[in-house]
Number of protein chains: 2
Amino acid sequence: MARLQNRPGQGRRRASHSMESVLTEAVALLDEAGPPALTFRALAERLGGGVASIYWYVANKDELLDLATDHVIGSVLADIEALPGSADPIDDLRAMSVTLFDAIVARPWLGAYFMRNINAQSNSIRLYERLGEQTLRLDLSARQRFHAVSAIIGVVVGSAVDLGQEPPQEVLDGAVDRDTYLGRAAAAWRDLDPAAYPFVHEIVDEFDGHDDADQFRSALELTLAGLRLQAGARVG
Amino acid sequence: MARLQNRPGQGRRRASHSMESVLTEAVALLDEAGPPALTFRALAERLGGGVASIYWYVANKDELLDLATDHVIGSVLADIEALPGSADPIDDLRAMSVTLFDAIVARPWLGAYFMRNINAQSNSIRLYERLGEQTLRLDLSARQRFHAVSAIIGVVVGSAVDLGQEPPQEVLDGAVDRDTYLGRAAAAWRDLDPAAYPFVHEIVDEFDGHDDADQFRSALELTLAGLRLQAGARVG
DNA sequence: CACCAGCATCGAACGTTGTTCTATCGTACG
DNA sequence: CGTACGATAGAACAACGTTCGATGCTGGTG
């Protein structure tokens, strides 16, 4: 079987990548169509190269996801470090959390992969550090500080996972938009027996057309209120 | 090509399943070796039947996961409904949350699939209802109740996702146990520059050998404290 | 200038997965 | 006895992650 390419001036160019370009295109694929769209073949085509070449930069798909996640966490970290800062550490914690949450809203796939990076990848650790430094300004024990940061990240990720897993494929395809999808679920809830499901009927109007950001902010405020109480209780 | 089976008294028996057995075996596979172990072929072999037969019971793998999740949520729901109940709705919320968390600790795969079922599957909706009914005993607006339940579930799932995603394969293989894995991460943290990472150094001893249950309980207490404050503030 | 080492790239192949197609079995009912 | 239908199953397909072996390119050395 004769090789057809490899003619000097005419043949197909070899692609030349870089770690940067690999991660950038990987993120682009994730942004455009979610995790299922990130395949080695799709990524290779986007880079104009072969499938196996990607393995020179990453050991496997898990590492690719880890690095891609940390790549965008880097820009989130830059946003967080650019925040003005205030006299109240809890206000700063809120601002940082909202920044992180907004980033996950913009990139729903981020929520699922963010947490497993915190212990390992550099930008994620720095983000963890920045959150934690605010707790150093509060009168807490080391254990309380550790738990406080875990709680805040838990709230962010918990809310993010909630909204990140919602689209059941038809929303992503654009066939059904998010509001009508939520409305459909709300309609099913309204069909439930009001006697057996008093709470669901109580809040179905709130659920219908609710804003995820409001939901997150409320959860965050509960945790921050508890934290402020905990810090205050220690002083007096 | 002659068919070899189908001899009357001797041939290989046809398998006869049921929705129950399919879900039970699917859960068993998930319990034994996690999500990667749940394949249609492995499930079919366990059921003693063919691969395609499973598709008579479920439309696709997503539905299989949804139903398997709701299947075990059913037993969690039974545990929750068997709880004694108290005069304080927040105490009841805590007891329910801990029950749910314990179930996810016992089945780490549950955390990843639990949330996307809440809007659709029957047992998950009932669980949502039971949590929500406790908020009906608090002096809150409908919106506050909706957000409170979302916040609590967010805390549970956020903590659960944290501990559910930790094992990076070597822990599951049994090659490395969880404590030495955490210790390894802690050692890496200790190598960081103390001047650049003051918070990480402050809490690394807490992180090393920490108990996930403590971490969850602390996060839950913060949210419940905030909730109690919110309910109390409305009365006076 | 020729040559070589090693970095970087690539096509092709392998094994496994979810899913579908089509054929078949077995039983309850007329 | 036969027929319709609930239920089962083997084989095949496309897509995926991953590996293998071979090849191109480039900078330094003789």
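The sequence lines fix the lettering, A, B, ..., with proteins before strands; numbering per chain opens at 1.
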Original post:
Think S53(B) has a side-chain N or O under 4.0 angstrom from the OP1 or OP2 of dA7(D)?
Top reply: no
Original post:
dT17(C) P sits how many Å from I54(B) CD1, rounded?
Top reply: 12 Å
Subject >> Donor on one side chain, acceptor on other, H210(B) and D208(B), under 3.5 Å >> reply: no
Original post:
Which nucleotide in the list dA9(D), dC10(C), dT8(D) gets nearest to the side chain of A52(B)?
Top reply: dA9(D)
**OP:** With heavy atoms under 4.0 Å as the rule, sort A44(A) into base, sugar-phosphate or nothing.
**Re:** nothing
Original post:
Considering only dA8(C), dT19(C), dT8(D), which nucleotide approaches the side chain of V51(B) most closely?
Top reply: dT19(C)
Subject >> Closest-nucleotide 5' rank along DNA chain C - winner of L38(B) and W56(A) >> reply: W56(A)
Subject >> Protein-nucleotide distance (L29(B), atom CG; dT17(C), atom C1'), rounded to Å >> reply: 15 Å
Subject >> Y55(B) OH - dG6(D) C1' separation (whole Å) >> reply: 20 Å
**OP:** Check if the side chain of R41(A) and the base of dG17(D) share a donor-acceptor pair of N or O atoms closer than 3.5 Å.
**Re:** yes
**OP:** Say whether, by atom type as modelled, one donor and one acceptor occur between the side chain of D66(A) and the main chain of Q121(A) under 3.5 angstrom.
**Re:** no
Original post:
Within this structure, what is the CG-to-P distance between L64(A) and dT18(D), rounded to whole angstrom?
Top reply: 10 Å
Original post:
Should the ring pair F146(B) and F207(A) be called parallel, tilted or perpendicular, given that the plane angle runs from 0 to 90° and is split at 30 and 60?
Top reply: perpendicular
Subject >> Selection from dT19(C), dT9(C), dA7(D) that lies nearest to any side-chain heavy atom of R14(B) >> reply: dA7(D)
Original post:
What integer distance in Å separates K61(A):NZ from dG17(D):P?
Top reply: 4 Å
Original post:
Does the pair W189(B) and F199(B) meet the rule for a ring pair (Phe, Tyr, Trp, His ring centres under 6.0 Å), with working shown?
Top reply: CA-CA 11 Å; W189(B) 284 17; F199(B) 171 72; 8.5 Å; no
Original post:
Rounded to whole angstrom units, what separation is found between the CG atom of N60(B) and the C1' atom of dT17(C)?
Top reply: 14 Å
Original post:
To the nearest Å, how far apart are L47(B) CG and dA7(D) C1'?
Top reply: 14 Å
Original post:
Has the side chain of N123(A) got a donor or acceptor atom that lies under 3.5 Å from a matching backbone atom of D70(A)?
Top reply: yes
**OP:** Identify, between F40(A) and Y57(B), the residue whose nearest nucleotide on DNA chain D lies closer to the 5' end.
**Re:** Y57(B)
**OP:** Whole angstrom is fine here: how far is it from CG in L43(B) over to P in dA9(D)?
**Re:** 12 Å
